[in-house]
Amino acid sequence: LPLTLIPFALTGGELVIRKDLFPGLDFILVVDPLSVFMAIVSSAIGCLIVVYSLGYIHHEENQNEYYLMVLLFIGSMMGLVFSANLIFLYLFWEIIAICCWRLIGFYRLRDFVRKADKAFLVTFFGAVVMLLGFIQIYGQTHSFDLTQMRGTLIPGSAVFLILFGMFSKSATAPLHTWLPDAGVAPTTVTALLHAAVLVKIGVYAYARLFLSTFQIPPVWQQVIPILVVVSSLIAAGAAAVENDFKRLLAYSTVSQIGYIFLGFAVANEAGISGSLLFILMHGLAKAGLFLCAGIVIHATHTKDIREMGGLIKTMPLTAVAFLLCAFSVIGIPPFGGFFSKFLVIMGTVKAGQVGLAAIALFTAVLTMFYLLKAFSLVFLGEAKHPAPEKTPSMVAVVTVLAVASILAGIFVAYPMKLVNIATSQISWWYR
Amino acid sequence: MSPNLLLAPILLPAALAALFFLVPKGVRYVREVLSVAGSLALLYLAFDLFKAKALGFKAGWLGMGIDFDLRLYHFAGFILIGLAGFLVLISLYSTVKMKDSPRVREYYAYVFLSAALANGAVLSNNFVPLVFFWEGLLLTLYGLITLGGKEANRTAVKALIISGFCDFAMILGIGLLWSITGTLTLSEISVKPEGLAAASFVLMMIGAVGKAGAMPFHTWIPDAAIDAPVTFMAFMPAAFEKLLGIYLLARITLDLFHLEARTTMSIVLMTIGAATIVLAVLMALIQKDFKKLLSFHAVSQVGYMILGIGTGIPAGIAGGIFHMINHAMYKCGLFLSAGSVEHRAGTTELKKLGGLAREMPLTAAGFAVCALAISGVWPLNGFVSKEMVFHGALESGYKIFAVAAWVGAIFTFASFLKAGHSVFFGARSQEVPKVKESPAPLVIPILVLALLCITFGVYNKLPLTQFIQPILQGQAEAGTHLDFTAHALSLLNPVAGISILCLILALGLHLFGWKRGGKKAYLASEPVHHLPVLHSLYDLSEARVFDLYEQGVKFLKGLSLALFKLVDRPIDAFFEKVVTGAGLRLTGLFQKAHNGQYANYLAWCLAGLLAIVAVVSLAVK
């Protein structure tokens, strides 16, 4: 559906749909390039993951609940992306948290449910703190309507409270540890959480609130980049140590989210457009990586990368798809990840934060190190659990994602058009 | 000529690469014929473009000053010819050498993709496409090394991480340059390397010399010599990466930044160059494997180019660039002759080989010419370019660098005497069965390269005036004497005298070692190996203590472990233990409060009432 909105967004239009519920609490939808971009990315990747689920989940119990939750998940993501009222933003935010709680604990094992509780409690706690921030803003402006609040300078405490919510949702250190633990969920869910929906919410909210709507105090503009780069580095380090396939990838997500925040936080053209592009590219590549991991785990019945090996013989397509997606995450051209990472770095340097850019690039080297380590351990070397690729629909999806990563890189000019328009609209204060 | 033609050197090989990847493995000859024909077409195109002098192509790309901007000018055209020429020879060579490789489809695809990317990198006039093509080469680098077999993956990862590190450094440098100058178009940038710009210069330099394989970013090359196919060695580290790395280095020092002689940056570059020459050649000297020996020379020779360009003196710069093209020729020829030996004898270990000259006369002749050229023997091309570098180094006023270059020359010749002596000349070894000369497609490229070495040496006026002099025009101050051919390149001047003395010394060294080693040529370097200080250094480097990658990986592992153990886990423990613990404690407290006694609840109610009253009364006041 959001595809129909592309031409509209390309012209840079902004449409506001307003439905009065009761005073001060209108149901407002905003269709602008930023929201359309987000909606396209998450719904497209969500769609691919649902196709993959057909193969992955079809012999599990509770399938009805699974599909209900996944669709509700994607649906509320759409709601969140388009809504322009802080209260509705919060509502959709919580619906997502509930879906996510059910899905992480899908296998219903005692320990798994505990992990799901952890994820829910951390994100819920973050969200409540964020709500406090919203209320503080309301106290200042007497409105929850984002369209009316452009350019308001909000106090630092509100920034802190809201940021707390975003970081908890987008799994940024020190609120990130629930994300690796969430790896107990079915792999499709993990992919959905990481690539398409969940962690992108915090990032999106950042762009929507702190860039496009409010002005934040200059202190925070200095502090946030440092926070996110440190988070990115910590997560990369943790990923290099992990031996659990999915936890490794989860830490990698935390690390990449740091990049996206960094691009937004430096708040210049290159950084913002790099981050937007990053959302797309990371979505494609990370979904691909997780789904490849899903195929491997499904077939070998182990999650420890040290116990795998030599799988390139039996599952060549998965191996190649994994490698391609890994290259995209690392940021090697002609894959899409290159452009996004490049622009974020450029933006950071341009903002005068050379040291941070250097740390970010060092993180990229670490990324290269641990992803290639995972690749050689899982797919090369001696075969320990030879297992063929079975379900064609699953393999087809990862192939599509890998190919999409390449194509998105080669024909980067097309998504870039939308990104540039969104960027120029977000950074209205920049002009 | 239409500007769109500029896309052809990129799109043609890319299309061929896609085709090679799709053609099934069983189909014979199509691949071979197409690759040779395609690369010949590319060569023709390159000459055509070279004649066109200047062309520009521009299309919008990402916005924000990031355009797909290609620009052809003299230097780029020259490099294009070089790249295409090597592609022709390599594809001809591969028709035989790679025929039975199980992944022949991928091999051809990667080779031609590399050509496309390299052409793109040379033509780009905007940093973003430049980095796009430049880093894209990482991919083919990785792919080509993995073709070597099972053990090759380790080396491939190593190469990828080292080159990736260099490229990321370059990106940072480009970012800095962007924020300084505000533009990403190469032809518009021209700053002095001072302050921040100096940092940017150093970072971009790391990118360039890292690609060229200078110390300390070279350590994957000797590993790859063992693991990767020999055609890869002749193709990437010997030819393509040198051309690209030195091209970029020359661009950086000449166009983007004005490197002046006798400045700090110039000394930095010269130091890197000199250190690379001496250290790598010392490593090369003691190698016992033909390919590995060559690979260390591929590193050592980069030092001459960097030294030459780093002098900032026209003669030195021209010498460095000329050395680049010369080196690509003879090193490619040397690797190909090693491949030819491997093809027939099945091994490249010096110990097992010997006396092959009679059975493989053409390969031996090609090898001999190339080896003499790399050692800088008059009148071959290596002599000319090395002399120019010596002159440049002397003119810069820092004689120590010239001395280092001469020391390098001694050991270069000594190690090639050793290699040639053990492989082609000397006594016929018994370990290798009788062999024949390699088939024509293997021999022709070697001979062509050897012939070029002679031509460029004897008629050095031709390339120097045609190709290299125009590059420097506009760089040197007006009125500077740019006629290098008159630069006393005859045999009769003191500089050349010292060089010749070096060669004689090397011969003496070799003969001495040969006698001491019981007339076994492969032991000729042992006296040097066992020199007091050098010996312990050699042992350390055998243990890979100097390998920046090994140390870097250790560092990365340690850092990751520290981050994980000291930062990540405590945070997790905070949530798992402290938060849940505090929650339990709190609920426990409440639980205790509910003891079911009526009086107790009443007391709580009273206390609450009192508190409310107190608050209200305070508020009223």
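Between B:I174 and A:M346 the shortest side-chain heavy-atom distance falls below 4.5 Å. Looking at heavy atoms from C-beta onward, A:F338 lies in side-chain contact with B:V131 at the 4.5 angstrom threshold. Between B:F168 and A:M368 the shortest side-chain heavy-atom distance falls below 4.5 Å. For the pair B:F132/A:F339, a side-chain contact is recorded, criterion being any heavy-atom separation below 4.5 Å from C-beta on. Within the 4.5 Å cutoff, the side chain of A:F342 has heavy atoms near those of the B:I171 side chain. No side-chain heavy atom of B:Y142 sits under 4.5 Å from any side-chain heavy atom of A:I332.
The CG atom of A:L361 sits 11.0 Å away from the CG atom of B:D167 when rounded to the nearest 0.5 Å. Once rounded to the nearest 0.5 Å, the distance linking CZ of A:F369 with OG of B:S560 reads 6.0 Å.
Of the residues considered (B:L176, B:V157, B:L203), B:L176 shows the highest number of contacts with chain A, using heavy-atom pairs under 4.5 Å.
By the neighbour-count criterion of 12 heavy atoms within 6.0 Å, atom NZ of B:K557 is sparsely surrounded, having that number or fewer from other residues, nucleotides or ligands. The number of heavy-atom neighbours closer than 6.0 Å to CZ of A:F362, taken from other residues, nucleotides and ligands shown, is above 12. Surrounding CZ of A:F120 are more than 12 heavy atoms belonging to other residues, nucleotides or ligands, all under 6.0 Å away.
Here the closest non-hydrogen pair linking A:V365 and B:I161 is CG1-CG2, 4.3 Å. Taking both residues in full, the closest heavy atoms of B:L172 and A:V354 are given as CD1-O, 4.4 Å, listed atom of the first, atom of the second, then distance. Across all non-hydrogen atoms, the minimal contact from B:N153 to A:S376 is ND2-CB, 3.4 Å. In terms of heavy-atom proximity, B:L563 sits nearest to A:G237 at CD1-CA, 4.0 Å.
Heavy atoms closer than 4.5 Å to chain B are found in the side chain of A:K118, but not in its backbone. Interface remark: A:F327 contributes side-chain atoms only to the contact with chain B (heavy atom separation under 4.5 Å). Using a 4.5 Å cut-off between heavy atoms, A:L343 contacts chain B through its side chain alone, with no backbone atom that close. A:L323 touches chain B through its side chain: at least one heavy atom from C-beta onward sits under 4.5 Å away, while N, CA, C and O do not. Both the backbone and the side chain of B:L160 come within less than 4.5 Å of a heavy atom of chain A. Residue contact with chain A, scored on non-hydrogen atoms closer than 4.5 Å, involves the side chain of B:L559 exclusively. Looking at A:S273, the atoms closer than 4.5 Å to chain B (heavy atoms on both sides) all sit in the side chain, from C-beta outward. Within the 4.5 angstrom heavy-atom criterion, no atom of B:L137 approaches chain A. Only the side chain of B:L138 comes within contact range of chain A, with at least one heavy atom under 4.5 Å from a heavy atom of that chain.
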